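Everything on this sheet refers to the single structure shown next.
Heads up: numbering here begins at 1 and tracks the sequence. Remember, it's a predicted structure, so these values are computed and weren't measured experimentally. All ligand and atom numbering here is 1-based and tracks the order in the structure.
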Amino acid sequence: MASATDSRYGQKESSDQNFDYMFKILIIGNSSVGKTSFLFRYADDSFTPAFVSTVGIDFKIKTYSWDNAQVLLVGNKCDMEDERVVSSERGRQLADHLGFEFFEASAKDNINVKQTFERLVDVICEKMSESLDTADPAVTGAKQGPQLTDQQAPPHQDCAC
Ligand code: GDP
Ligand code: MG
């Protein structure tokens, strides 16, 4: 599990400090599925084939409400078609069952990495907009919902595998 606020990942010197919103994103999955690689591909557009296990960060969260968490299901390493263990169909079925959108991606070949993060941000913004629309403006002081992107993110690529 990695957080985008982890200093190793999120604090590039060149990073743009001029932003309107900051979201915490958790990448959750079994060891060596490619969580670190996925994040590095997105943040630095880099990939290393070497496996360097992420040193765990111990912290406890009493409540992290799934009601407010926006979740996407990602199957990484779609470039390794010959060694596939989960079919696209099974992945899609699981995502449907859980009510999540499903992406197949490759941190190595840079397939659907940016699209996944951008879609997640869009989903978060849509939910924020909905909650602001239904909230009492007298309480929130909100005048209008967030408008984070001028353009819709392009539809995600189909995995070529
Ligand atoms: P984590 O434990 O989930 O953080 O996994 P890592 O990001 O450390 O990746 C584990 C191993 O899988 C490393 O050797 C990576 O180079 C490799 N890996 C990660 N993503 C991909 C991918 O999309 N395709 C391929 N072929 N290998 C990958
Ligand atoms: Mg890792």
Report yes or no: does K35 contribute a side-chain atom to a donor-acceptor pair with the main-chain N or O of G29 at less than 3.5 Å?
yes
Taking N110 for its side chain and D45 for its backbone only, find out whether a donor-acceptor pair lies under 3.5 Å.
no
Side-chain contact, heavy-atom cut-off 4.5 Å: L120 with T116?
no
Any side-chain heavy atom of F23 within less than 4.5 Å of one from M128?
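Answer yes - side chains close enough.
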Any N/O/S atom from S37 (main chain or side chain) under 2.8 Å of the Mg ion (ligand 2)?
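Of the N, O and S atoms in S37, none lies under 2.8 Å from the Mg ion (ligand 2), which means no.
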Using heavy atoms and a strict 4.0 Å limit, residues surrounding ligand 1 turn out to be N30, S31, S32, V33, G34, K35, T36, S37, F47, T48, P49, A50, F51, N76, K77, D79, M80, S106, A107, K108
Restricting to non-hydrogen atoms, name the atom on F38 and the atom on I27 that form the minimum distance, rounded to 0.1 Å.
CD2-CD1, 4.4 Å
By ring pair (Phe, Tyr, Trp, His ring centres under 6.0 Å), Y42 pairs with (sequence neighbours left out) F117
